[in-house]
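Computed from a predicted structure; not experimentally measured. Lettering of chains follows the sequences in order, A, B, ..., and the numbering in each one begins at 1.
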Amino acid sequence: MGQYQTRFGSMADYAKGGVAIINDDPKNYVFSNVFEVAEKSAPWERVAVAKNFEYVIEAARAEGTSPWYACAHDEFVLVMDGQVEVHLLKPATPLVDAGQQGAVELADMPDGAKMGRLVLERGHQGLLPAGSAYRLHADNVSCVLIQTIAGPVTVQKWADICQS
Amino acid sequence: MAILESATAAAAAKPLSDNVVTHAEVGPIDNATGYRTFTAGDFHFRRDEYFARITWPAGGSHVAPIDAFLRALMRDVAWGFFYGTVNFDDVVGTVNHYGEVTLFAGTYNDAYRDAGRDFSQRFPSEVLGPLFKEMITDWTNAGYDPFAAPMETGVPWGAKNGSNLEAVNRVRVAARRMVGLPGDTPVRTDDNGFPVNRMFADVDQRQPLVEAEPGFEGEVSAYNLFGYLSRSDVTWNPSVCSVVGESLFCPTSEEFSLPVDHGNDRCEWFITLSDEIVWDIRDKVTGRPRAKLVAKAGDVSCMPADIRHKGYADKRAMLLVWENASNRIPEMIAAGEAPNVSVTW
Ligand SMILES: [Fe+2]
């Protein structure tokens, strides 16, 4: 290890920066911190921390086992803190309409073929492939980001999470 | 450039605007310095041992330190004029119209504009792009890499001294779906020429556990993004790593300062993945200061569509730049349908 220390954040140890205004409204910068969002959210609540038209980045507190989700398009999960296991399943019949945007929460584990498993640690990015169903699991409280489209499971609570 | 492929392809099908200038010329080699001169419409570019010197009609002239100029020019060339406005400094820069591009002097500087001293011309991208490419190729000396952090490369100064074709011709990285998938952008390793950067020597290089059932090997996939970024040999160069429709994750490694003041034509988002980046935010049109951001690991911020931003990082940092590449957005902006801030509450 060299002389430099790389500072990644974690839910247990993060330092938040902020917006210092010269001549503007801080709300324009929609400033939040993913670890703080995860810290203050319920397990598997998928909170939008960034949004650009229909697209979002969700931050989630990964704790225990998530519901099963299905999604018509690709999504990507990036572990920001901890370790998260991803179980992927190819449903026997399509679970969501082809045009459905965002992930849909399923009541139960769907019928289908096992696709495989990912074990992701901090900094690892995994594909949640279009047309699959998936479930995440974290033994210890962890934090993930999900690149997706705003949908029925996306929680938008900007006033709670952003500097104003 | 792949990051803008769809927008540029759509624009290329349109006829040229009436006012475009198509004259571009590479001049002869200067006997004293060994560098070529370049002409784009009524703009003239010349370099000497320390500076780029730019002139335009009615006595307009500008001097830019050559290190800053080459770093900015390199990004503009490699990014295919990127999104919106790329300010090389407070005076000179480009505005991308996706198929056409405006080269300007003083247009986004309220003192120049108020005094009527601004000047701009619009070119087909296929005219200005190749000229800029020739300029960065000719003006970059052996041992100097305009994409590298200043501590990690040679110096740009002096008379013409060889070239660095490898650096200026770098192929831009743009994953189609995700880094590491079969047939997509490969992960970086020592063996394929991407050693870990000196400032990221402590970054965990282990790859995730991936267990694919037979038949699903191409879809059950993951890679170490932080490891991938720790091996980037360039700075301030967003590269596509994962794609959901028009949503592009374009992470990058940042050291020293962003060589341009970027004034995007749409919202752009930053998630700081490691360390700390300071951002100076100024008004896109006037250049007047509006805000300062300190962004630490985990911090998320929106860059509104009516600002310009310049970033600074001492310790090399990992930044996730998030873009919406939709080619509808410039039209929506023109029609006043796209908001400056993509979230209101
Ligand atoms: Fe930018």
Check: Any side-chain donor-acceptor pair under 3.5 Å between B:Lys315 and A:Thr6?
Finding: yes
Margin query: Please determine whether the number of non-hydrogen atoms from other residues, nucleotides or ligands lying under 6.0 Å from atom CG of A:Asp160 exceeds 12.
Written below: yes
Checklist line | Polar side-chain atom of B:Lys292 near backbone of A:Val19 as donor-acceptor pair, under 3.5 Å | finding: no
Notebook entry, point to check: Would you call A:Ile22 and B:Arg290 a side-chain contact if the rule is heavy atoms closer than 4.5 Å?
Noted result: no
Notebook entry, point to check: When only pairs under 4.5 Å are counted, which of A:Lys27, A:Lys114, A:Lys16, A:Glu121 shares the most heavy-atom pairs with chain B?
Noted result: A:Lys27
Notebook entry, point to check: Which one, A:Phe31, A:Tyr29, A:Tyr14, leads in non-hydrogen pairs under 4.5 Å with chain B?
Noted result: A:Tyr29
Checklist line | B:Trp345 side chain near A:Gln156 side chain, heavy-atom distance below 4.5 Å | finding: no
Checklist line | Portion of B:Ile307 that has a non-hydrogen atom of chain A nearer than 4.5 angstrom | finding: side chain
Notebook entry, point to check: From A:Glu54 CD over to B:Asn324 CG, what is the distance, rounded to the nearest 0.5 angstrom?
Noted result: 6.0 Å
Note to self: Determine whether A:Trp158 and B:Thr344 satisfy the following criterion, side chain to side chain contact (heavy atoms under 4.5 Å, CB included), listing intermediate values before the conclusion.
What the structure shows: CA-CA 8 Å; A:Trp158 302 102; B:Thr344 47; over 6 Å; no
Check: For B:Arg282, is it the side chain, the backbone, both or neither that has a heavy atom under 4.5 Å from a heavy atom of chain A?
Finding: neither
Next item on the list: Let me know if B:Arg288 has heavy atoms under 4.5 Å from chain A in its side chain, its backbone, both or neither.
Entry: neither
Check: Run the side chain to side chain contact (heavy atoms under 4.5 Å, CB included) check on B:Leu273 and A:Met80 step by step: do they pass?
Finding: CA-CA 8 Å; B:Leu273 298 175; A:Met80 293 293 288; 3.8 Å; yes
Margin query: Go through it in stages, so that I can follow the logic: the residues are B:Val300 and A:Val30, the test is side chain to side chain contact (heavy atoms under 4.5 Å, CB included), and I'd like the CA-CA distance, side-chain angles, deciding distance and then a yes or no.
Written below: CA-CA 8 Å; B:Val300 186; A:Val30 199; over 6 Å; no
Checklist line | Reported CG-to-CZ distance for the pair B:Leu209 and A:Arg117, which is rounded to 0.5 angstrom | finding: 5.5 Å
Checklist line | Value rounded to 0.5 Å, distance of CE in B:Met303 from CG in A:Asn28 | finding: 10.5 Å
Checklist line | Side chain, backbone, both or neither of B:Glu276 within contact of chain A (heavy atoms, under 4.5 Å) | finding: neither
Checklist line | A:Val37 portion near chain B, given a 4.5 angstrom heavy-atom threshold | finding: neither
Item checked: Straight-line distance of A:Tyr55 OH to B:Ser342 OG, nearest 0.5 Å -> 13.5 Å
Checklist line | Most contacts with chain A, counted as non-hydrogen pairs under 4.5 angstrom, among B:Leu320, B:Ile281, B:Val278, B:Asp204 | finding: B:Ile281
Notebook entry, point to check: Should A:Asn52 and B:Trp322 count as side-chain neighbours, where that means a heavy-atom distance under 4.5 Å?
Noted result: yes
Item checked: Contacting moiety of B:Val243, where chain A heavy atoms sit under 4.5 Å -> backbone
Item checked: A:Gln125 and B:Tyr223 side chains, donor-acceptor separation under 3.5 Å -> yes
Notebook entry, point to check: For A:Leu128, is it the side chain, the backbone, both or neither that has a heavy atom under 4.5 Å from a heavy atom of chain B?
Noted result: neither
Check: For the residue pair B:Ser242 and A:Gln147, what are the closest heavy atoms and their distance?
Finding: OG-OE1, 2.6 Å
Note to self: Ignoring hydrogens, what is the shortest heavy-atom contact between B:Lys296 and A:Ala15? Give both atom names and the distance.
What the structure shows: CB-O, 3.2 Å
Checklist line | B:Asp275 side chain vs A:Arg7 backbone, donor-acceptor pair below 3.5 Å | finding: yes
Note to self: On a heavy-atom basis, which atom in B:Gln207 and which in A:His124 lie closest, and how many Å separate them?
What the structure shows: C-CE1, 3.9 Å
Notebook entry, point to check: What option among A:Ala159, A:Gly123, A:Cys143, A:Gly116 has the most heavy-atom pairs under 4.5 Å with chain B?
Noted result: A:Gly123
Next item on the list: Taking the six-membered ring for Trp and the full ring for Phe, Tyr or His, determine whether the centres of B:Phe226 and A:Phe8 are under 6.0 Å apart.
Entry: yes
Check: Which residue pairs pass the side-chain hydrogen bond (donor to acceptor under 3.5 Å, both in side chains) test when at least one of the two sits in residues 57-69 of chain A, sequence neighbours left out?
Finding: A:Arg46-A:Glu58, A:Glu58-A:Thr154, A:Arg61-A:Glu63, A:Thr65-A:His137
Checklist line | Exercise: identify the closest heavy-atom pair between B:Val244 and A:His73 | finding: CG1-ND1, 3.9 Å
Checklist line | Heavy-atom pair count under 4.5 Å with chain B, highest-scoring of A:Arg122, A:Glu75, A:Lys157, A:Gln83 | finding: A:Arg122
Next item on the list: To the nearest 0.5 Å, tell me how far A:Tyr4 OH sits from B:Asp314 CG.
Entry: 8.0 Å
Notebook entry, point to check: How close do B:Ala297 and A:Gly9 get, heavy atom to heavy atom, and via which atoms?
Noted result: CB-N, 3.4 Å
Next item on the list: Under 4.5 Å, heavy atom to heavy atom: which of residues 177-188 of chain B reach chain A? Give them by number, or say none.
Entry: B:Arg177, B:Met178, B:Leu181
Notebook entry, point to check: What residue, out of A:Ile161, A:Leu118, A:Val34, A:Thr148, has the most heavy-atom pairs lying under 4.5 Å from chain B?
Noted result: A:Leu118
Notebook entry, point to check: Minimum heavy-atom separation for B:Ala222 to A:Gly126, with atom names?
Noted result: CB-CA, 3.7 Å
Next item on the list: Taking the side chain as every heavy atom from C-beta outward, state whether A:Met115 and B:Glu213 have any pair of such atoms under 4.5 Å apart.
Entry: no
Next item on the list: Please flag which part of A:Lys90 lies under 4.5 Å from any non-hydrogen atom of chain B: side chain, backbone, both or neither.
Entry: side chain
